[in-house]
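Here is the naming used below: chain letters follow the sequence lines, and residue numbers restart at 1 for every chain. Please read these numbers as outputs of a predicted model, since none were measured by experiment.
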Protein chains: 2
Amino acid sequence: MVKQRPTISDVAREAGVSKGLVSFALNDRPGVAAGTRLRILEVANEMGWRPSLRARSLSTDRAFALGLVIARDPDIMSGDPFFPAFIAGVETALAPVGQSLVLSMVQSEEAEISSYRQLAAHGRVDGVILSDLRRDDPRIALVNELGLRAVTLGHPDAASPFPAISVDDSPGIRAAVAHLADLGHQRIAHVAGPSRMLHGVRRSNSFASVLRERGLVDTLVVETDFTAADGARATRELLALADRPTAIVYSNDVMAIAGLGVAQRSGFEVPRDLSITGFDGSDVGAHIYPSLTTVTTAVQDWGRQAAELLLRVIAGEDSDDIELAPAQLLVRESSAPPETNTTTTTAP
Amino acid sequence: MVKQRPTISDVAREAGVSKGLVSFALNDRPGVAAGTRLRILEVANEMGWRPSLRARSLSTDRAFALGLVIARDPDIMSGDPFFPAFIAGVETALAPVGQSLVLSMVQSEEAEISSYRQLAAHGRVDGVILSDLRRDDPRIALVNELGLRAVTLGHPDAASPFPAISVDDSPGIRAAVAHLADLGHQRIAHVAGPSRMLHGVRRSNSFASVLRERGLVDTLVVETDFTAADGARATRELLALADRPTAIVYSNDVMAIAGLGVAQRSGFEVPRDLSITGFDGSDVGAHIYPSLTTVTTAVQDWGRQAAELLLRVIAGEDSDDIELAPAQLLVRESSAPPETNTTTTTAP
DNA sequence: TAGTTTGACTAAACCGGTTCAGTTGGAAAA
DNA sequence: TTTTCCAACTGAACCGGTTTAGTCAAACTA
């Protein structure tokens, strides 16, 4: 004798009304006498009734879940503090309303596409969060075509039917460069993210614009794929230049840490011989030596608000773009004035 | 005129048979003539019919999804290479069979419990992967009681109704300690994970047993919560000892990197004055200076096989415990022989 | 007072599958 | 030839909700 969980019919029978009326009462719809509604709620409550998500899903054609497809190599993911914090934020928005996050982690663009297709075909989610926007991002049209709702993290480079929720990187990057320039650095390099990615491009643009404003060289830019290995490679290239930079601005903390490793290995002392800054505000960055000057954003809050926005979009409510607090510079030990006579120094 | 996706009734009508027969044909059940089955499949195919997950979910009482609840602070998560790789592995097992991963990231034990309750109550998943096992882990009884199927990563410390899929940490830790001892280290410390966590305990035990076998001091153990900050704290404590260790074995890479920072900040040169080893085989570890000697496991494979095992359990198939390839030592630069006369040296 | 409106409620269809109890027709057995 | 049996197939119930059309009595209008 297994005790089955009660269904809406059980509640109806117990309350002496019809199934439909119970549904009405529980969904706060008009047409139910106040007394009856109260009695129904009471009965439902004492029977411990919970609506069946599956039945609701079928009859209302909704999934009560959001999707997130991450297309990155696990190697890049590991060490990157963004997604864990972001997902934790998403969770804080979903848990209270009984919704869930369906996560998919893929490693190729084809797998990414088919992942969205599957989510849509199966009706697994009502909407998705589009992260890591790329130039001419094909996902926007795809997701729209598949009939999914969505929000984008950051503004796409073309018209989009979806609201964007953004954190402006510019102030952070500008502050980092300004900080280095104020310290006296003349040759500041940038180890950038992939130029296919919009935030990579935006950070590069901010970088370049500050340098131009200050009349400094803005040609020391190396593009990477965001991995530690590529950050190391970029650093080696920059340090091998005849006119090597005295400061390097990295597009993420992992690369900055790898770059620090390369510099130290080559005999440069940081920050005496080379200043470096990261981007992420990762936890480890605070504990390496020297601790990493970096740019931080409130990632968890971003996750929470992105999920809330998407829920609103799905509910058909207002859905204006949201602009969150911009990225901020966090000065630590890895940045200092250049040694006045080391501008053209190569490895000791 | 929106083109609706065809339902099983459409297929039945088109093929001139009943709904039920179409269902039988599509699920490869006996009682359908070969010719008829073929025709039905053909019709379904050319109509582009896909079964509705929601309808199947309701009628078969299954979710076609697995759950993973991660209970960690985002700070610990960031930098930890385990979950990204693990999840990527899970995905490779799920995508081909049209199943999904429902992920929940929580920050307290209460939230964790209620997360499992919600997954079960909503019938969101058919089974869950239990990671980061603790002593007397309450989740095993809970999940069982909730009627969910499960697999555990590693063997729990009590009887469990669920199969375990494990990677033996011991050989890795033993190899790391042996490696250091072989190099001539006499005072080897361990910066351990939380003793509430079973893998933390197991690593500590392996550590202690090798030392005893070799007749070395096994008292240099500091427990941490796995964060970079706590790893740094532990390192400071160890280095402040009168008889400071000449080598430290860390329970994860993040703490090892933080420990390296502390050592360098205190003027110790690694590995000349202090050898360190990590645990994880994280990507950054290979790029810092000196590169980190560490212990690696095939995490992505673990994820894939854990998901496959859970799918089998859910399908009611065989479900024996699985033992994967044990952890392996990866020797890099951060370990070297101790300076013979520095055993009792304090900070330079 | 008769006709109309309205609020409260019921019955049944519906979402799109699965499953089970019957029905049918043809081949094998008697 | 008649009976029996079985494979092939149908129709309907079912999963647990939502939604729509329709019933009914009381309240309101004319």
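Side-chain atoms of B:Arg304 and B:Thr92 form no donor-acceptor pair, as typed in the model, at a separation below 3.5 Å. For the residue pair A:Ser319 and A:Arg312, no side-chain donor N or O sits within less than 3.5 Å of a side-chain acceptor on the partner.
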Side chains of residues 24-46 of chain A: which donor-acceptor partners sit under 3.5 Å, not counting sequence neighbours?
{"from": "A:Asn27", "atom 1": "ND2", "to": "A:Ser23", "atom 2": "O", "distance (Å)": "3.0"}
{"from": "A:Arg37", "atom 1": "NH2", "to": "A:Arg29", "atom 2": "O", "distance (Å)": "2.7"}
{"from": "A:Arg39", "atom 1": "NH1", "to": "A:Ala15", "atom 2": "O", "distance (Å)": "2.5"}

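Of the possible polar contacts, one joining the A:Asp126 side chain to the A:Ala63 backbone as a donor-acceptor pair under 3.5 Å is found.
Ring geometry, A:Phe86 versus A:Phe82: the interplanar angle falls under 30°, so the pair is classed parallel (tilted spans 30 to 60°).
The nearest whole Å value for the distance from the NZ atom in A:Lys19 to the P atom in C:dA12 is 12 Å. Here the P atom of nucleotide C:dC20 and the CZ atom of B:Phe24 are 8 Å apart, to the nearest Å. Distance CZ (A:Arg29) to P (C:dA8): 15 Å, rounded to an integer number of Å. Following rounding to the nearest Å, B:Leu21 (CG) and C:dG17 (P) show an atom-to-atom distance of 15 Å. Atom pair B:Ile8:CD1 and C:dT19:P shows a separation of 11 Å (rounding to whole Å applied).
Proximity of residues 37-52 of chain A to DNA chain D (heavy atom under 4.0 angstrom from any strand atom) is restricted to A:Trp49, A:Arg50, A:Pro51, A:Ser52.
To the nearest 0.5 Å, the span separating CZ on A:Arg196 from CG on A:Leu198 amounts to 10.5 Å. Note that the CZ atom of A:Arg13 and the OG atom of A:Ser18 stand 13.0 Å from one another [nearest 0.5 Å]. Interatomic distance, CG of B:Leu148 versus CZ of B:Arg117, reported as 11.0 Å (0.5 Å rounding).
When each of C:dT10, C:dG17, C:dA8 is scored by its nearest atom to the side-chain atoms of A:Val17, the top-ranked nucleotide is C:dT10.
If you check every strand for non-hydrogen atoms under 4.0 Å, B:Asn27 touches sugar and phosphate atoms only. If you check every strand for non-hydrogen atoms under 4.0 Å, B:Arg62 touches nothing. A:Thr36 comes within 4.0 angstrom of the backbone, heavy atoms only, and of no base. Among the atoms of the strands shown, base atoms are found under 4.0 Å from some heavy atom of A:Ser23.
For C:dG17, neither phosphate oxygen OP1 nor OP2 lies less than 4.0 angstrom from any side-chain nitrogen or oxygen of A:Arg54.
Taking 4.0 Å as the cutoff to heavy atoms of chain B, we find the contact window on DNA chain D bounded by D:dA8 to D:dG16.
With a 4.5 Å cut-off on side-chain heavy atoms, A:Leu66 and A:Val128 do not count as touching.
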